[in-house]
Amino acid sequence: MVAFPRAFFAVDSVELAPLLLNKLIVRGERVGRIVEVEAYAGAADPASHAFRGPTARNATMFGPPGHLYVYFTYGMHFCANVVCGPEGEASAVLLRGLTPLGGLEEMRAARGPAARLDRDLTNGPGKLCQALGLDRSFDGADLVTGDRGVEVADDGTAPPSPPGVSGRIGVSVAADVRWRFYVPGAAGVSRARAAP
DNA sequence: CTTTGGATCGTCT
DNA sequence: GACGATCCAAAGG
């Protein structure tokens, strides 16, 4: 289990996204393997929260790489991103699906009765935040130092080659951009339909 | 299995 | 005042 240097995150989101596949996100006992992500490219990407410039909500995206950007949406859900690229450029990678590896009891308790199967614990961006207990108080957490108890780590598992690729889910613009990456066949990949 | 509609509120126009 | 980088229960095949 090895932590990443900050330089690992200081690259474009489209480059980093597939590299995060099969890496781990760790919060205490709770561990998940990252199996589905989407890249968002800041000012150049109409689907990004940062497309119209900095605001109070998206400030973390403009900060240094290797931090967590957590936002609230649909009146009831949180989503978590890994901030990447150089400081000042608001690119990020959305975590969309995990395979639960550890702390399953805590995850079940956090998710409640709706998660009937273990694969339902973390197979969606809102679900994985709920399972890991990530909310707005984790916005800005440093994934390199683990200053708030959350970090990204490597257990030596290589990313898939090639990864699965598709259009991004849930976005109403730039539907032709294929920046969703996933581990084919892995438990925890969300079942929502993507653009083929 | 798939499809559909409701929930619910912070954020930006 | 409108709309989400969503989830879930319910209903239909």
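Chain letters run A, B, ... following the sequence lines, proteins first, then strands; residues in each count from 1. Because the structure is predicted, anything quoted here is derived from the model rather than measured.
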Using atom [atom1] of [X] as one end and atom [atom2] of [N] as the other, report the distance to the nearest whole Å.
X	N	atom1	atom2	value
A:Arg57	B:dC9	CZ	C1'	12 Å
A:Arg111	C:dC7	CZ	P	8 Å
A:Phe72	B:dC12	CZ	P	14 Å
A:Ile169	C:dT6	CD1	P	8 Å
A:Lys127	C:dA9	NZ	P	10 Å
A:Met76	C:dA9	CE	P	11 Å
A:Asn58	B:dT11	CG	P	11 Å
A:Arg136	B:dT11	CZ	C1'	9 Å

>> Heavy atoms only, 4.0 Å cut-off, all strands: where does A:Ala47 land among base, sugar-phosphate and nothing?
In response: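 The residue A:Ala47 makes base contact.
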>> Just to be sure I understand the rule, does A:Arg116 reach a base, reach only the sugar-phosphate, or reach nothing, if contact means heavy atoms closer than 4.0 Å?
In response: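 Nothing: the residue A:Arg116, judged by heavy atoms under 4.0 Å, touches no strand.
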> Should C:dT6 form a Watson-Crick or G-U wobble pair with both distances under 3.5 Å, which nucleotide is its partner?
Replying inline: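 Its partner is B:dA7.
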> Who is the Watson-Crick or G-U wobble partner of C:dA11, with both distances under 3.5 Å?
Replying inline: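 Partner of C:dA11: B:dT2.
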Is the distance from OP1 or OP2 of [N] to the nearest side-chain N or O of [X] less than 4.0 Å?
X	N	result
A:Arg168	C:dT6	no
A:His49	C:dA5	yes
A:Thr55	B:dC12	yes
A:Arg96	C:dT6	yes

>> Run A:His77 and A:Phe72 through ring pair (Phe, Tyr, Trp, His ring centres under 6.0 Å) and show every step you take.
In response: CA-CA 6 Å; A:His77 295 293; A:Phe72 181 73; 8.4 Å; no
> Taking for each residue the nucleotide of DNA chain C with the nearest heavy atom, is it A:Pro125 or A:Ser172 whose nucleotide lies nearer the 5' end?
Replying inline: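 By nearest-heavy-atom nucleotide position, the 5'-most residue is A:Ser172.
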>> Assuming nearest nucleotide by heavy-atom distance, tell me which of A:Leu94 and A:Gln130 is located more 5' along DNA chain C.
In response: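 First, find each residue's nearest nucleotide; the 5'-ward one identifies A:Leu94.
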> Okay, side chain of A:Asn58, backbone of A:Gly53: is any donor-acceptor separation there less than 3.5 Å?
Replying inline: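 Answer holds: yes.
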> Is there a donor-acceptor pair under 3.5 Å between the side chain of A:His67 and the backbone N or O of A:Gly140?
Replying inline: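 Yes, because the side chain of A:His67 sits within donor-acceptor range (under 3.5 Å) of the backbone of A:Gly140.
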> For A:Phe138, is the NZ or CZ atom of A:Arg136 found under 6.0 angstrom from the centre of its six-membered ring and inside 45 degrees of the ring axis?
Replying inline: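 No - A:Arg136 does not lie over the ring of A:Phe138 by the 6.0 Å and 45° rule.
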>> Does A:Arg168 qualify as a cation-pi partner of A:Tyr40, given the criterion of NZ or CZ under 6.0 Å from the six-membered ring centre and within 45 degrees of its axis?
In response: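 Satisfied, under 6.0 Å and within 45°.
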>> Check for me: is A:Tyr40 stacked on C:dA5 by the 5.5 Å centroid and 30° plane-angle rule?
In response: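 A stacking contact exists, since A:Tyr40 sits close and nearly parallel to the base ring of C:dA5.
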>> Distance criterion of 3.5 Å, no angle test: do you see the side chain of A:Tyr74 paired donor-to-acceptor with the base of B:dA7?
In response: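 Not at all, since no donor on one side and acceptor on the other fall under 3.5 Å apart.
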